[in-house]
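Taking it in order: structure first as structure tokens, then the write-up.
Please read these numbers as outputs of a predicted model, since none were measured by experiment.
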Amino acid sequence: MHISSFPPEILSEIFLWAAALAGYRPNKKDAPLNVSHTCRAWRELLLTDARFWTNLDTSISPGPRATSCDVRMATLWLERTGDAKIHYHIGSNFMRQSEGASFGLLHREIVRRQAQWAS
């Protein structure tokens with residue numbers, strides 16, 4: 001069976017696992033963002049399912065595979081949550097490595113969505 005013939009429900013579960021393994025960081029190199037550039041069908045699936053965007057980690061990961069958070073992508077990430085509850089983690093290094101103006105945009109989006117934060 002070719003992956004393009006998988007039902008959307010199965011693909012969604014696979015993509016959710018990939019996003020969890022990537023640590024829910026808004027980085028173009030990791031899932032779900034890199035998966036959304038594969039084909040139109042996958043992009044549509046990812047953009048219409050808020051579950052891919054309800055976990056967000058903007059901390060800077062330590063170690064040899066250190067990845068940073070793209071502030072612009074994090075803002076888009078939050079916009080894609082719709083009205084779903086959001087699980088959000090921000091690290092102390094994030095503010096130091098983010099551009100001030102870009103971080104301001106993300107901060108406004110976080111404040112605007114504070115009613116959606118999961119407890």
Side-chain angles (χ1 to χ4, degrees):
M1 176 181 245
H2 191 268
I3 194 163
S4 63
S5 63
F6 282 22
E9 299 81 15
I10 301 297
L11 286 175
S12 290
E13 290 302 316
I14 293 168
F15 297 158
L16 286 168
W17 275 94
L21 290 172
Y24 302 109
R25 287 192 179 82
N27 186 312
K28 293 177 189 177
K29 298 175 188 169
D30 295 324
L33 291 170
N34 65 348
V35 175
S36 71
H37 295 285
T38 304
C39 67
R40 182 177 291 158
W42 288 13
R43 181 170 177 76
E44 185 176 324
L45 176 68
L46 289 162
L47 292 178
T48 57
D49 191 338
R51 295 179 304 159
F52 294 108
W53 315 105
T54 56
N55 288 290
L56 175 64
D57 186 346
T58 56
S59 60
I60 307 299
S61 64
R65 260 199 77 213
T67 57
S68 62
C69 170
D70 181 327
V71 176
R72 191 182 81 243
M73 296 309 292
T75 304
L76 287 171
W77 189 292
L78 285 173
E79 290 172 0
R80 292 174 179 165
T81 62
D83 294 330
K85 290 288 182 194
I86 300 169
H87 303 271
Y88 182 71
H89 180 270
I90 188 167
S92 60
N93 289 335
F94 176 67
M95 285 195 237
R96 286 194 291 258
Q97 296 195 13
S98 301
E99 297 174 25
S102 296
F103 184 74
L105 292 171
L106 177 59
H107 182 262
R108 281 192 293 280
E109 188 66 24
I110 291 168
V111 169
R112 188 173 80 79
R113 296 182 174 278
Q114 64 185 337
Q116 292 176 248
W117 294 351
S119 51

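Rounding to the nearest 0.5 Å places NE2 of His87 at 13.0 Å from CG of Asp57. We find the CG-CG distance between Leu47 and Asp49 to be 10.0 Å, quoted to the nearest 0.5 Å. Between atom OG1 of residue Thr38 and atom CG of residue Leu46 there is a gap of 8.5 Å, rounded to the nearest 0.5 Å. Annotation: the span from Arg80 atom CZ to Leu33 atom CG amounts to 6.5 Å, rounded to 0.5 Å. Expressed to the nearest 0.5 Å, how far CG of Leu21 lies from CG of Leu16 amounts to 11.0 Å.
Pairs of residues two or more places apart, or lying in two chains, that qualify as ring pair (Phe, Tyr, Trp, His ring centres under 6.0 Å) and include a residue from residues 17-50 are Phe15-Trp42.
Trp53 places no side-chain N or O within 3.5 Å of a backbone atom of Ile86 that could act as its donor or acceptor partner. For Glu109 (side chain) and Leu76 (main-chain N/O), no donor-acceptor pair under 3.5 Å exists by modelled atom type.
Using a 4.5 Å cut-off on side-chain heavy atoms (C-beta onward), Lys85 and Thr54 make no contact. Side-chain contact between Ile10 and Glu13 is absent, with no heavy atoms from C-beta onward closer than 4.5 Å.
The heavy-atom pair separating Ala50 from Thr81 by the smallest distance is CB-O, 3.3 Å. Residue Pro32 comes nearest to Trp77 through the heavy atom pair CD-CH2, 3.4 Å, listed as atom of the first residue, atom of the second, then distance. The heavy-atom pair separating Arg51 from Ser12 by the smallest distance is NH2-CB, 3.4 Å. Residues Glu79 and Arg113 come closest through the heavy atom pair CA-NH2, 3.4 Å.
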